[in-house]
Amino acid sequence: MSYRQALDEAIGHSPVSTVDVDRVIFRQRRARRLRMWGAGGAGAAAVLAVTLTAGLLWGPQPSPAPPAIPPSPSVPPIPSHPPAPRITTVAGSEADWQRLEAAVEASLKRTAPSIKWPNSTAPGLDRPGWQSDGRSGWTTKDQFSVKGEIAADGKRGYLLLVVRRQGLVGFHSSRCERQSKMTIDCVEAAGPDGSRIRTSTMDMGSRSTPPLTVQMLRADNSAVTLTLSGHTSPGPLPLTVEQLITIATDPTLNLGPLPPGVEVPVQTLPPSAPADPAQQERLDKAVIAALRAQLPGVTSSAALEEAWTGSGGDNDRDNYWGQAPITNGKTRPALFSVQIWRKSPSFGSLTCGRPSGSYSCRKGEGPNGEQYRIATTLSGKGDTRTGERSIDVRRKDGSWLNVNHASGGTGPTFALTEQQQLAIALSSTLTLAPR
């Protein structure tokens, strides 16, 4: 079943929209697929960290300008959901986390009655064994997330669910025309009550099951994102696209109100800037040179200059993005990416969450007064355990930079060491041209 059929069956046939779904599907399927992945469940998170940047993980901040997402009439609400509850818990509190965890669990059980929790420590496997990331860097007053292993009808996989108070910038920046060449299908359609729904799947290589991602942007700009990856590679996923859409549209998955005195400005999209091919070419060469300076033997699935790619929609006078799978010859090729913003990006802060067995974070200062954060996240268990290291830098001139690197094999085995990756992130050559 195609993603368009899945959306039609889940939310009904949408009215005429400004989104040409068939053309999007054709364009994405014709794009060259990068067959370079060996990672399992964490590969999806690594791709998301680049494609959605940390906007899906750290919560976006406002920037001035009118929205540019094409409006579409709403369609009838999806059935089988309970009414939206009256929320009395305060965002960021233990009670709010517990309420949301219970809401996620109930939504999964309603959608997939046969669901089980393989990592549960409770008798009878009747309660989720969520990993502790939900109580670390990814859960704040403006964001909640849980992730863990699920099983249904004999199929197992890893689910990441994120609820954000403001999702406009992240949803806009990950629109279908900006998806990377690893995207197989990407479809956007009108959802219930003025919402927008986007589904996508990514090519992780012939040995891996393509992860599924469903994003929902509500009319109030809050957002829900679900990413489901397989337990084995390749192997069937425990939930269908239709089921993920049903969970994403559940009105019980809402953050609590902010504490008294805390306000969040209304989020708007930044104005578009013209493309700058000369800057993109200069920064492509600078990144590859910085990478080779730290890792002279770095290789990719093809010549590094040929494998290095960026999305034209993200490369303009005020933004840069480039990526490629890299290896040091001992690890499997895994994604390495660099993104630069002239102004504060969507996540907008350098806070570290509580450390856990799967999450570590430290902050520091560079030689030129830069502030940086290094966050490492591990996913999966046993043979499927993989990792992702993300370094964010805030420079004194107000510009920001992110260098993201996925592990290339079982466990947190990276082609670059932490110090090598940090040296690239602090490189003075990776700078946008003056306005």
Side-chain angles (χ1 to χ4, degrees), residues 31-40 42-51 53-54 180-182 202-208 279-311 314-315 320-340 366-367 370 372-379 385-393 401-432:
R32 181 172 60 91
R33 300 179 187 176
L34 303 180
R35 301 281 185 184
M36 78 300 268
W37 297 89
V47 175
L48 278 174
V50 179
T51 306
T53 316
S180 72
K181 292 182 179 180
M182 291 164 289
M202 292 191 176
D203 181 6
M204 306 300 289
S206 58
R207 292 179 292 180
S208 299
Q279 175 174 263
Q280 181 177 345
E281 181 180 2
R282 174 180 61 82
L283 284 171
D284 285 346
K285 293 179 179 179
V287 170
I288 292 173
L291 182 55
R292 284 187 170 138
Q294 297 300 319
L295 194 64
V298 63
T299 59
S300 185
S301 54
L304 193 54
E305 286 80 2
E306 180 183 344
W308 191 261
T309 181
S311 168
D314 290 301
N315 284 286
Y320 168 82
W321 177 32
Q323 63 179 14
I326 66 167
T327 175
N328 59 8
K330 299 178 181 179
T331 62
R332 296 176 183 173
L335 192 68
F336 172 83
S337 68
V338 174
Q339 191 159 6
I340 307 173
E370 312 97 325
Y372 66 81
R373 172 185 58 193
I374 304 175
T376 303
T377 305
L378 305 180
S379 300
R385 192 167 178 80
T386 53
E388 175 193 350
R389 186 195 298 133
S390 184
I391 300 181
D392 297 294
V393 177
L401 180 143
N402 171 268
V403 178
N404 196 83
H405 184 29
S407 64
T410 301
T413 305
F414 299 92
L416 292 164
T417 66
E418 182 180 292
Q419 288 304 313
Q420 288 172 329
Q421 188 172 337
L422 179 61
I424 295 171
L426 295 177
S427 174
S428 60
T429 61
L430 307 187
T431 306
L432 297 171

Should Asn404 and Leu335 count as side-chain neighbours, where that means a heavy-atom distance under 4.5 Å?
-> no
Are side-chain heavy atoms of Leu291 and Leu416 found at a separation under 4.5 Å?
-> yes
Under 3.5 Å, side chain of [X] to main-chain N/O of [Y], donor-acceptor pair present?
X: Ser300; Y: Pro325; result: yes
X: Glu370; Y: Val393; result: no
X: Asn315; Y: Trp321; result: yes

Spacing of [X] atom [atom1] and [Y] atom [atom2] [to the nearest 0.5 Å]:
X: Ile391; Y: Glu418; atom1: CD1; atom2: CD; value: 6.0 Å
X: Ser407; Y: Leu378; atom1: OG; atom2: CG; value: 8.0 Å
X: Gln294; Y: Asn328; atom1: CD; atom2: CG; value: 13.5 Å
X: Ile374; Y: Gln419; atom1: CD1; atom2: CD; value: 6.5 Å
X: Asn402; Y: Gln339; atom1: CG; atom2: CD; value: 6.5 Å
X: Leu401; Y: Tyr372; atom1: CG; atom2: OH; value: 14.0 Å

Which heavy atom of [X] sits nearest a heavy atom of [Y], and at what distance?
X: Gly322; Y: Trp308; answer: C-CZ2, 3.2 Å
X: Leu304; Y: Arg292; answer: CB-NH2, 3.7 Å
X: Leu295; Y: Ala415; answer: CD2-O, 3.7 Å

Verdict with reasoning, Gln323 to Thr309, per side chain to side chain contact (heavy atoms under 4.5 Å, CB included) = CA-CA 5 Å; Gln323 63 179 14; Thr309 181; 4.0 Å; yes
Stepwise side chain to side chain contact (heavy atoms under 4.5 Å, CB included) check, His405 with Ile326 | CA-CA 9 Å; His405 184 29; Ile326 66 167; 3.8 Å; yes
Take Leu432 and Leu283 through the side chain to side chain contact (heavy atoms under 4.5 Å, CB included) test and state the conclusion after the steps.
-> CA-CA 8 Å; Leu432 297 171; Leu283 284 171; 3.9 Å; yes
Tell me, with the steps shown, if Phe336 and Ile424 meet side chain to side chain contact (heavy atoms under 4.5 Å, CB included).
-> CA-CA 11 Å; Phe336 172 83; Ile424 295 171; 4.1 Å; yes
